[in-house]
Protein chains: 2
Amino acid sequence: MVQAKKSFDGFFKSAFTVDNVIFGFDDGKLKVLLIKRNEEPFNDFWALPGYFVQQHEDLDAAAQRVLRETTGLENVYLEQVHSFGSPGRHDFGRVITVAYYSLVKVADFELHAASIAEEVAWHDVEEISTLAFDHEEIIRVALNSLKRRIRTQPVGFKLLPPAFTLTDLQHLYEAVWEVDLEKRNFRKKILSMNLLRDLGRSQTGVAHRPARLYSFEENRYRELEEEGFNFELKEGKRK
Amino acid sequence: MVQAKKSFDGFFKSAFTVDNVIFGFDDGKLKVLLIKRNEEPFNDFWALPGYFVQQHEDLDAAAQRVLRETTGLENVYLEQVHSFGSPGRHDFGRVITVAYYSLVKVADFELHAASIAEEVAWHDVEEISTLAFDHEEIIRVALNSLKRRIRTQPVGFKLLPPAFTLTDLQHLYEAVWEVDLEKRNFRKKILSMNLLRDLGRSQTGVAHRPARLYSFEENRYRELEEEGFNFELKEGKRK
DNA sequence: CAACATTATTGTCCAGACAACACTATCTTT
DNA sequence: AAAGATAGTGTTGTCTGGACAATAATGTTG
């Protein structure tokens with residue numbers, strides 16, 4: 001077997017990285033977490049939090065580690081989206097990157113720039129300028145995936161704080177899909193799914209009628225799913 | 001930059017491969033194209049048609065090339081599904097594989113085993129035995145992707161010959177989803193989409209009333225899609 | 001404290017989509 | 001010509017989605 005391996009040596013000259021597209025929702029806008037690199041190539045450019053995978057490290061584990069080391073985020077559920085491997089995408093040689101994405105509540109995390117990051121910050125998805133490598137493309141692909149996914153999986157709740165209003169939820173969908181949704185129909189649909197717990201509390205200190213607060217019942221969803229329930233929302237018409 | 005590169009040399013010791021999951025539909029059953037390997041590791045095992053990517057080759061192009069070299073299939077539309085990279089998945093070192101999948105018409109292609117394949121054949125998805133590497137898992141992931149995809153994209157037609165009957169189409173959906181569908185409702189739904197051209201011909205030589213033949217109008221679909229049409233079928237209940 | 005500004009909350013009606021359901025038609029085989 | 005096999009078709013009831021506007025609760029302002 002060691003002899004057999006000999007002739008394959010030419011293939012073992014590549015590297016791979018993981019890159020994380022972390023979406024958050026704040027101030028009515030969809031955000032993505034970026035780091036400012038302090039390492040070549042693309043020194044001083046904004047980039048996705050990503051880095052090389054270690055020789056004996058699992059891909060998923062590497063994504064978690066790199067995210068933690070560059071931004072301080074821990075225990076984030078990451079899902080693989082796509083791999084990118086154009087021959088010229090990295091100056092140092094052939095590097096394939098496996099992209100992951102996630103949804104988090106912005107308020108839940110304190111950001112700590114470290115490792116190759118000299119700065120970490122949330123950026124409006126709408127206003128992303130020139131990024132390192134092919135990271136703009138990676139974000140585009142991840143965003144498409146997100147748009148499809150929130151239609152049929154109740155993942156949107158991961159972007160909201162534990163107690164949220166129905167209007168918050170609606171704004172989230174409107175931001176991701178770039179559509180306007182009809183208030184009454186949206187509420188009817190969401191409430192009919194029985195996935196929300198009415199917390200019996202309301203907003204306070206707002207200069208208008210305070211809205212009721214709800215939380216997402218993860219367990220209830222799991223039960224219903226077992227019984228064949230399918231979460232599904234429609235996008236309606238474009239803005 | 002060359003100096004900078006130095007310290008990264010340790011990362012450039014990996015290889016990557018592409019593996020293709022090619023689905024076909026024949027005899028009322030969903031099939032997948034496998035090769036019998038004539039190379040270590042896993043010599044003589046059935047495996048997905050895949051191989052190492054060249055140093056300066058694009059991933060998508062590599063998938064096409066490898067598929068052609070091992071099975072003779074050409075001009076197949078391949079779509080990336082997922083990457084697999086457990087540290088122990090390949091005996092020769094760290095190897096990540098990028099999996100692609102496709103749907104083809106079984107009758108359209110003549111199979112030619114070559115390169116590392118000593119045999120090529122269609123296998124029932126239901127009856128796959130022990131495969132090389134983690135290829136069983138790859139097929140599982142690709143199959144899940146297919147199930148979701150045929151619901152909202154008219155890709156199922158790629159598995160059928162140019163002229164097919166509505167019953168063929170229904171059987172295809174039933175096979176992929178493992179459900180029973182109601183004949184009248186299925187036909188109504190499909191025909192109402194205006195995506196099929198009635199060829200005016202019928203089956204011949206069958207021992208029963210011959211069925212009308214249809215073809216899929218790709219162009220019509222593109223038009224409708226522009227206008228905001230969404231292809232969508234429901235899965236109904238499990239068998 | 002009264003008027004105002006602001007957002008929350010709620011129900012009806014209509015149209016289109018979907019699910020359930022059974023009989024007749026056409027061809028080959030015997 | 002009878003039997004066997006699959007193709008083809010229509011109605012009805014129920015559910016879901018979409019359009020649509022008036023009233024309620026709070027903080028702010030004058």
Side-chain angles (χ1 to χ4, degrees), chain A residues 27-28 151-152 160 163-175 177 179-215 224 227-239, chain B residues 27-28 151-152 160 163-175 177 179-215 224 227-239:
Chain A
D27 191 24
R151 214 169 69 87
T152 54
L160 294 172
F164 53 85
T165 70
L166 292 179
T167 304
D168 290 339
L169 186 61
Q170 185 178 339
H171 287 337
L172 164 60
Y173 275 91
E174 290 176 336
W177 283 341
V179 295
D180 286 323
L181 300 171
E182 209 284 325
K183 191 161 51 164
R184 276 172 288 194
N185 294 334
F186 180 79
R187 296 162 84 96
K188 233 182 309 175
K189 178 66 180 171
I190 291 287
L191 291 174
S192 74
M193 290 182 187
N194 281 317
L195 291 173
L196 299 187
R197 173 197 295 272
D198 184 337
L199 296 174
R201 296 186 284 126
S202 293
Q203 292 177 307
T204 53
V206 287
H208 54 78
R209 176 171 178 179
R212 233 175 263 173
L213 294 170
Y214 294 85
S215 69
L224 289 173
E227 298 164 15
F229 165 79
N230 279 314
F231 182 90
E232 178 149 10
L233 290 172
K234 303 232 160 146
E235 282 195 39
K237 287 155 195 163
R238 295 267 138 199
K239 251 181 198 167
Chain B
D27 192 24
R151 213 171 69 86
T152 55
L160 295 172
F164 53 85
T165 70
L166 292 178
T167 304
D168 289 340
L169 185 60
Q170 183 177 342
H171 287 336
L172 163 60
Y173 275 90
E174 289 177 334
W177 283 340
V179 295
D180 285 325
L181 299 171
E182 209 281 327
K183 186 164 57 163
R184 276 172 289 190
N185 294 335
F186 180 81
R187 295 171 159 249
K188 233 181 306 175
K189 178 68 180 168
I190 291 287
L191 290 175
S192 75
M193 290 183 188
N194 282 317
L195 293 173
L196 300 188
R197 172 198 296 271
D198 183 338
L199 296 174
R201 297 184 285 126
S202 293
Q203 292 175 308
T204 52
V206 288
H208 55 76
R209 178 172 175 175
R212 231 174 266 173
L213 293 170
Y214 294 85
S215 69
L224 290 172
E227 298 164 16
F229 166 79
N230 279 315
F231 182 90
E232 178 149 10
L233 290 172
K234 304 231 159 147
E235 282 196 38
K237 287 154 195 161
R238 298 264 138 203
K239 251 181 197 164

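Here is how names work: the chains are called A, B, and so on, in the same order as the sequence lines, proteins then strands, and each is numbered from 1.
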Which is true for B:Ser192 with a 4.0 Å heavy-atom rule: it touches a base, it touches only sugar-phosphate, or it touches nothing?
->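 Contact class for B:Ser192: none.
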B:His208 side chain reached by B:Gln203 side chain, heavy atoms, under 4.5 Å =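 The answer is yes; the side chains approach within 4.5 Å.
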A:Phe229 and A:Leu195, any side-chain heavy atoms less than 4.5 Å apart =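 In short, these two side chains touch, coming nearer than 4.5 Å.
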Specify the separation, in whole Å, of atom CG of A:Asn230 and atom P of C:dC18.
->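 One finds 15 Å between P of C:dC18 and CG of A:Asn230, rounded.
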Would you mind reading off the distance between B:His171 atom NE2 and D:dA5 atom P, rounded to a whole angstrom?
->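 That distance rounds to 15 Å.
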B:Leu224 side chain reached by B:Phe231 side chain, heavy atoms, under 4.5 Å |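 The answer is no; the side chains never approach within 4.5 Å.
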Distance in angstrom units between A:Asp180 CG and D:dC20 C1', rounded |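 To the nearest whole Å, that distance equals 16 Å.
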What is the nucleic acid contact for B:Thr165, judged by heavy atoms within less than 4.0 Å: base, sugar-phosphate only, or nothing?
->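 Contact class for B:Thr165: none.
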Just how far, in rounded Å, is C1' of C:dT9 from CZ of A:Phe186?
->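 The distance from CZ of A:Phe186 to C1' of C:dT9 comes to 15 Å, rounded to the nearest Å.
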Taking all non-hydrogen atoms of both residues into account, name the closest pair between B:Pro210 and B:Ser202 and its distance.
->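 Taking every non-hydrogen atom into account, CB-CB, 4.1 Å.
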Would you kindly give the CZ-to-C1' distance between B:Phe229 and C:dA17, to the nearest whole Å?
->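 Result: 14 Å.
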State, yes or no, whether a side-chain contact exists between A:Arg212 and A:Leu196 at a heavy-atom distance under 4.5 Å.
->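 No, too far: nothing below the 4.5 Å cut-off.
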Short N/O separations, protein against nucleotides 10-13 of chain C, under 3.5 angstrom:
unit_1	atom_1	unit_2	atom_2	d
C:dT12	O4	A:Lys188	NZ	2.9

Does some side-chain heavy atom of B:Leu191 sit less than 4.5 Å from a side-chain heavy atom of B:Tyr214?
->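 In contact.
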Return the value, rounded to whole Å, for the distance between atom CG of B:Asp198 and atom C1' of D:dA7.
->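 From B:Asp198 CG to D:dA7 C1': 13 Å.
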Is there a side-chain contact between A:Leu160 and A:His171 (heavy atoms, below 4.5 Å)?
->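 Heavy-atom side-chain distance check fails, nothing below 4.5 Å.
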For nucleotides 27-30 of chain C, print each protein N/O atom paired with a nucleotide N/O atom at under 3.5 Å, atom names and distance only.
unit_1	atom_1	unit_2	atom_2	d
C:dC27	O2	B:His208	N	3.4

Between P of C:dT7 and CZ of A:Phe164, the distance in whole Å |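 Value for this atom pair: 20 Å.
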Check the distance between C:dA17's C1' and B:Met193's CE and give it to me in whole angstrom.
->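 Checked: the CE to C1' distance equals 12 Å.
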Contact check, side chains of B:Arg187 and B:Thr167, non-hydrogen atoms, under 4.5 Å =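 Yes, side chains in contact.
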Locate the shortest heavy-atom distance separating B:Lys183 from B:Gln170; write the atom from each residue and the value.
->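 So the minimum-distance heavy-atom pair works out to CA-OE1, 3.7 Å.
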